[in-house]
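Letters A, B, ... mirror the listed sequences (proteins, then strands); counts begin at 1.
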Amino acid sequence: MDFDFLTYLFFGGLTRGSIYALIALGYTMVYGIVELINFAHGEIYMIGAFTGLIISSVLTMLGLPILAIVVLSALTAIIYSCAYGYTMEKIAYKPLRDSNAPRLSALISAIGMSLFLQNYVLLAQTSDFLPFPNFIPDFEFWEPYAHILTSPELVILITTVIVMICLTILIKFTKIGKAMRATSQDKVMAVLMGVNINRVISITFIVGSATAAIGGILIACHIGQINFYMGFTAGIKAFVAAVLGGIGSIPGAVLGSFVLGLTESFFAGYFSSDYEDVFAFLFLVLILIFRPSGILGRAETKKV
Amino acid sequence: MLKLKNIQTFYGNIQVLKDINMEVKQGEIITLIGANGAGKSTILMTISGIVPPRKGDILFQGNPIQNINPDKIVALGISQVPEGRRIFPYLTVMENLDMGTFLRNDVFEIKKDMDYVFQLFPILSERRNQPGGTLSGGEQQMLAISRAIMARPKLLLLDEPSLGLAPIITTQIFNIIKKINRENNTTIFLVEQNASLALKVADRGYVMETGEIIMTDTGDNLFNNKDVKKAYLGI
Ligand SMILES: Nc1ncnc2c1ncn2[C@@H]1O[C@H](COP(=O)(O)OP(=O)(O)O)[C@@H](O)[C@H]1O
Ligand SMILES: [Mg+2]
């Protein structure tokens with residue numbers, strides 16, 4: 001067996017997994033707090049990529065240095081996506097929550113929001129694939145390893161690790177992070193501690209949108225093109241990864257994403273890339289048969 | 001300190017509280033006793049703003065609070081230890097206590113209060129890094145009370161703290177409740193099914209039946225009342 005090919009597939013899988021993880025975090029965090037599958041989450045990722053493209057084109061025309069372009073457009077894209085995530089929750093989900101609507105209504109509202117955002121970008125922008133500038137240069141020092149892991153892939157991996165560390169600190173050690181965990185475990189009790197649930201929910205949507213936007217920009221740089229539909233496929237895959245790892249669990253979403261990314265990469269490399277999606281879903285079904293609540297999911301405990 | 005005036009609370013169309021009038025004075029321990037399903041927990045949830053009343057007024061230190069959000073009510077100084085303790089099962093003991101200080105920023109005072117609850121319940125200090133869900137029932141009750149007093153409430157609502165506990169633990173917990181009342185001048189509103197114990201620690205008591213207050217008197221008088229004895233003390 002060719003060892004280089006194996007490592008190439010391994011890192012390719014990790015890269016894919018990283019992108020899935022950046023999106024899956026949003027699904028799993030929102031589910032953990034409001035028990036809602038936010039089907040429009042993939043669209044936030046797409047909006048992140050589009051905003052990055054628009055801002056960077058403008059800045060390029062203005063003739064700014066490349067580093068300034070990258071930082072400014074990434075920041076704008078993140079902020080813009082966060083604003084979308086925040087507004088989406090206020091428009092599509094909060095009114096339903098306030099009126100105690102059944103869960104199915106929220107799900108339909110989510111699907112509606114997803115279709116609306118896709119078509120909005122389709123009409124406001126274009127249905128074509130747009131070329132995305134490659135902001136990540138081929139690093140010279142990385143040259144010897146570039147045949148197993150390209151520079152953009154390296155950047156994706158490192159960025160993902162940094163995001164995970166920041167998120168872990170946020171969730172584990174900050175006041176708001178503790179409030180998020182408490183809310184996901186017992187909402188009424190969290191309120192009785194003085195937690196403003198609506199604020200926790202908004203912050204959850206904002207954090208999830210930020211990581212998705214980072215994923216959107218990274219993948220756009222890596223693949224070199226974007227279109228309005230990109231959030232749909234990636235969103236479904238990330239959702240699968242979140243369920244695989246155990247929806248509601250943050251480490252689960254990350255683990256599920258890497259498992260899915262690696263599985264797809266190895267299957268595509270050794271068998272056929274035509275059937276990698278089929279295989280990915282088959283794998284999901286198999287895992288869920290043996291572990292219905294996902295790899296790290298907690299078995300449903302009925303609260304008294 | 002707290003006044004309930006003609007409170008009516010509903011779950012959907014079902015009226016659970018019918019015209020409740022109560023008063024709690026600063027520094028008192030009052031108890032509310034009554035059979036299962038009478039509406040005792042609903043009164044506490046109504047005060048905390050989780051199930052707001054449809055009619056009536058709740059005055060806390062003279063100001064109406066019946067239309068205020070539950071998190072703001074905590075900020076005003078009313079904390080509740082709900083029925084069943086509701087410890088956050090996957091947060092550690094320390095993190096559960098931290099949640100009690102959610103609205104506070106006075107780091108040094110928080111540290112002092114932390115030492116105070118560890119002194120009240122040394123077992124919590126030993127278990128500080130254990131997830132709350134792994135504690136025994138008695139330990140969870142200790143944690144629930146500690147978590148509530150970490151908020152430094154002016155008024156502490158306790159819903160059946162003796163539920164499911166061994167008599168020895170119950171006695172210990174009741175002693176601590178008296179101690180908290182004495183040492184911090186915390187006003188205590190105690191809901192209990194264990195009427196004999198509750199009436200012994202309370203200054204005054206209310207007796208409740210199917211959504212209404214049917215009797216109120218000092219703890220001693222209720223304890224010696226023959227109707228109360230027959231219905232709630234099993235004597
Ligand atoms: N969330 C709820 N929805 C509907 N009915 C409820 C709810 N909680 C309590 N009840 C009903 O309200 C009544 C009073 O309950 P509760 O206040 O828990 O009584 P207690 O604490 O005295 O045992 C009971 O008949 C109970 O079935
Ligand atoms: Mg009750």
Side-chain angles (χ1 to χ4, degrees), chain A residues 28-29 31-33 35 94 97-102 168-204 245-253 293-294 296-304, chain B residues 11-12 41 44-45 47-52 68-92 94-105 107 110 131-133 137 140 143-144 147-153 156-159 163-164:
Chain A
T28 218
M29 283 168 53
Y31 186 87
I33 304 276
E35 286 167 24
K94 185 167 184 296
R97 211 170 49 243
D98 290 345
S99 59
N100 279 322
T168 307
I169 292 171
L170 176 84
I171 300 284
K172 269 220 133 31
F173 301 112
T174 67
K175 209 164 201 180
I176 189 71
K178 270 179 218 153
M180 285 162 96
R181 283 186 288 151
T183 305
S184 83
Q185 291 169 33
D186 187 338
K187 243 174 238 85
V188 171
M189 196 60 230
V191 175
L192 287 175
M193 304 270 75
V195 173
N196 179 341
I197 296 290
N198 285 324
R199 218 172 121 230
V200 168
I201 293 173
S202 289
I203 291 172
T204 307
I247 189 109
S249 155
I250 292 177
S293 47
L296 295 184
R298 292 171 183 139
E300 209 42 50
T301 44
K302 206 85 205 109
K303 279 179 202 144
V304 192
Chain B
Y11 287 112
S41 300
L44 295 192
M45 286 302 176
I47 297 170
S48 286
I50 304 286
V51 192
I68 297 184
N69 283 340
D71 53 303
K72 299 285 180 330
I73 291 178
V74 180
L76 289 175
I78 303 180
S79 289
Q80 185 184 158
V81 179
E83 193 174 334
R85 342 191 199 288
R86 301 181 87 147
I87 295 303
F88 300 112
Y90 304 108
L91 297 190
T92 64
M94 270 311 258
E95 288 170 335
N96 268 281
L97 292 172
D98 286 343
M99 283 310 295
T101 67
F102 186 73
L103 296 172
R104 294 176 58 183
N105 292 311
V107 182
I110 288 174
Q140 289 198 3
L143 177 56
R147 180 177 64 178
I149 62 177
M150 287 306 291
R152 281 206 183 171
L156 180 60
L157 313 174
L158 295 163
D159 199 346
L163 194 72

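- Atoms CE and OG1, from A:Met193 and B:Thr101 in turn, are 9.5 Å apart once rounded to the nearest 0.5 Å.
- Here the CG-CG distance, from A:Asp186 to B:Leu91, works out to 10.5 Å after rounding to the nearest 0.5 Å.
- In this structure, B:Tyr90 and A:Gln185 approach most closely via the heavy-atom pair N-OE1, 3.0 Å.
- In this structure, the separation between CZ on B:Arg147 and CE on A:Met189 is 3.5 Å, given to the nearest 0.5 Å.
- Atom-to-atom distance recorded for B:Phe102:CZ and A:Leu192:CG is 13.5 Å, nearest 0.5 angstrom.
- The choice from B:Pro82, B:Ala148, B:Ser79 that makes the most heavy-atom pairs within less than 4.5 Å of chain A is B:Pro82.
- Across all their heavy atoms, B:Pro70 and A:Val191 have their closest contact at CB-CG1, 3.2 Å.
- Taken from CD1 in B:Ile50 to NZ in A:Lys187, the straight-line distance is 12.0 Å, to the nearest 0.5 Å.
- Residues A:Arg181 and B:Glu95 have side chains in contact (heavy-atom distance under 4.5 Å, counting atoms from C-beta outward).
- Counting heavy atoms from C-beta outward, A:Lys175 and B:Asn105 have side chains that approach closer than 4.5 Å.
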